[in-house]
Amino acid sequence: MKRILVVDDEPSIITLLSFNLEKAGYDVASCQDGREALQWIETDPPDLVLLDLMLPGLDGMEVLKRMRAKNIRIPVLMITARDEELDKVLGLELGADDYITKPFRIREVLARIKAVIRRTDGGDRRAEEPLLVTIGELEIDFGRYEVRRAGQPVELTPREYDLLFFMAKNRGKVLTREQLLNHVWNYEFVGDSRIVDVHISHLREKLEDDPKRPRYIKTIRGLGYKLEDRLEDVAEG
């Protein structure tokens, strides 16, 4: 049974989420404080964290930042009452896998949780895929769910892994933002393609020598993105 940690300072939200998550078959733990959440995550890690941004003491953004700084790669879904693009983008840049804006629909929350857990478990990888894809110095290992660059491991968030792995399955093909949203996020994202751009930017920072002049992940203006299948085909600039 998968365990989910719900972190929110509103008891009513905790009660609502806990009831519905348990009804859906999850084991649920909860707390209302950022410091307590970090302690719980470090000592008894859950499978996924629902993390409110507005917390007393240590806010959700700082909790997320400290998790990723310690290389804790547990999937995180942010919960925020603020419908501000800056908050969403900052959270994603810090390593959140998704965000949910209050007020939310339980059905949507459950769908997103299910999608993240399925990806984290590797349930959407297929036996016919090659075990290892090599592009220049970049190695994408499907068998080990690892990425290496020049022989050195590259630390990615679960969502970054999924995005790169999907692009690797379709290397050399132009993928629209809508395709990436549907296949990587596994649901309609209400037309918000900004989340794709943020994660592509993150990948470039970790994979490219010069993220502003990418060699691996190319932008196809007006269409989307493409992961090159052979590095020798990539023109500098």
Side-chain angles (χ1 to χ4, degrees), residues 68 71 73 75-76 85 88-99 115-116 118-237:
R68 297 318 188 210
N71 198 29
R73 291 190 276 171
V76 173
E85 187 72 13
K88 297 173 184 177
V89 172
L90 180 56
L92 294 171
E93 289 180 343
L94 288 175
D97 295 272
D98 207 340
Y99 63 80
V116 169
R118 183 169 62 246
R119 286 194 310 275
T120 304
D121 286 346
D124 54 356
R125 280 177 280 162
R126 297 176 175 80
E128 65 267 20
E129 293 167 356
L131 290 180
L132 182 67
V133 169
T134 302
I135 308 168
E137 294 185 332
L138 183 64
E139 293 181 348
I140 304 169
D141 192 329
F142 286 83
R144 296 176 179 271
Y145 208 57
E146 293 177 349
V147 176
R148 294 178 291 275
R149 181 183 170 205
Q152 298 301 311
V154 180
E155 296 296 338
L156 303 177
T157 67
R159 186 57 62 91
E160 290 165 357
Y161 271 112
D162 295 328
L163 178 57
L164 182 61
F165 274 53
F166 179 71
M167 296 185 77
K169 296 175 194 175
N170 296 278
R171 55 198 177 280
K173 299 179 182 178
V174 178
L175 300 169
T176 67
R177 290 173 176 81
E178 288 71 26
Q179 285 177 305
L180 293 172
L181 282 171
N182 291 336
H183 287 276
V184 178
W185 277 259
N186 289 301
Y187 56 84
E188 294 293 336
F189 208 78
V190 200
D192 186 359
S193 62
R194 171 64 177 170
I195 191 173
V196 175
D197 299 333
V198 170
H199 280 79
I200 290 291
S201 177
H202 253 200
L203 283 175
R204 283 173 170 164
E205 289 174 1
K206 297 178 179 181
L207 302 178
E208 305 280 0
D209 291 323
D210 183 356
K212 294 183 178 180
R213 302 177 66 193
R215 304 174 69 213
Y216 294 107
I217 302 176
K218 304 292 286 186
T219 299
I220 309 302
R221 188 175 296 276
L223 294 175
Y225 297 100
K226 177 178 71 170
L227 178 67
E228 295 288 356
D229 56 350
R230 292 189 302 273
L231 199 61
E232 59 266 29
D233 290 343
V234 182
E236 292 291 344

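Excluded from the calculations below are hydrogen atoms, water molecules and symmetry mates; all remaining heavy atoms, backbone and side chain alike, are included. We number each residue from 1, following the sequence as shown.
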Peer 1: Just wondering, do His199 and Asp162 contact through their side chains at under 4.5 Å, heavy atoms?
Peer 2: no

Peer 1: Heavy-atom distance under 4.5 Å between the side chains of Tyr216 and Glu137, does that happen here?
Peer 2: yes

Peer 1: So do Met167 and Val184 actually touch side chain to side chain, heavy atoms under 4.5 Å?
Peer 2: no

Peer 1: Roughly how far, to the nearest 0.5 Å, is the CG atom of Leu164 from the CD1 atom of Ile200?
Peer 2: 8.5 Å

Peer 1: Nearest 0.5 Å, what's the CG-CZ distance between Leu180 and Arg177?
Peer 2: 9.0 Å

Peer 1: Return the set of residues passing side-chain hydrogen bond (donor to acceptor under 3.5 Å, both in side chains) with Thr219 (not counting sequence neighbours), or none when no residue passes.
Peer 2: Arg204

Peer 1: Find the distance between CD1 (Ile217) and CG (Leu207) and round it off to the nearest 0.5 Å.
Peer 2: 5.5 Å

Peer 1: Please list, chain by chain and in numerical order, all residues satisfying salt bridge (Lys or Arg N to Asp or Glu O under 4.0 Å) with Lys173, sequence neighbours excluded.
Peer 2: none

Peer 1: Does Val147 reach the side chain of Glu160, with side-chain heavy atoms less than 4.5 Å apart?
Peer 2: no

Peer 1: Report the residues that fulfil side-chain hydrogen bond (donor to acceptor under 3.5 Å, both in side chains) with Asn170, sequence neighbours left out, ordered by chain and then residue number.
Peer 2: none

Peer 1: Residues in side-chain hydrogen bond (donor to acceptor under 3.5 Å, both in side chains) with Asp210, at least two apart?
Peer 2: none

Peer 1: Could you state the interatomic distance from NE2 (His183) to OG1 (Thr176), rounded to the nearest 0.5 Å?
Peer 2: 8.5 Å

Peer 1: Is any side-chain heavy atom of Leu203 less than 4.5 Å from a side-chain heavy atom of Leu156?
Peer 2: yes

Peer 1: Would you check if Phe166 and Leu227 make a side-chain contact, meaning some heavy-atom pair closer than 4.5 Å?
Peer 2: no

Peer 1: Would you please name every residue forming a salt bridge (Lys or Arg N to Asp or Glu O under 4.0 Å) with Glu146, sequence neighbours left out?
Peer 2: Arg148

Peer 1: Could you state the interatomic distance from CZ (Arg215) to CG (Leu138), rounded to the nearest 0.5 Å?
Peer 2: 11.0 Å

Peer 1: Who pairs with Glu155 by salt bridge (Lys or Arg N to Asp or Glu O under 4.0 Å), at least two apart in sequence or on another chain?
Peer 2: Arg73

Peer 1: Report yes or no: does Lys218 contribute a side-chain atom to a donor-acceptor pair with the main-chain N or O of Pro214 at less than 3.5 Å?
Peer 2: yes

Peer 1: Measuring from Thr134:OG1 to Asp141:CG, what's the distance to the nearest 0.5 Å?
Peer 2: 9.0 Å

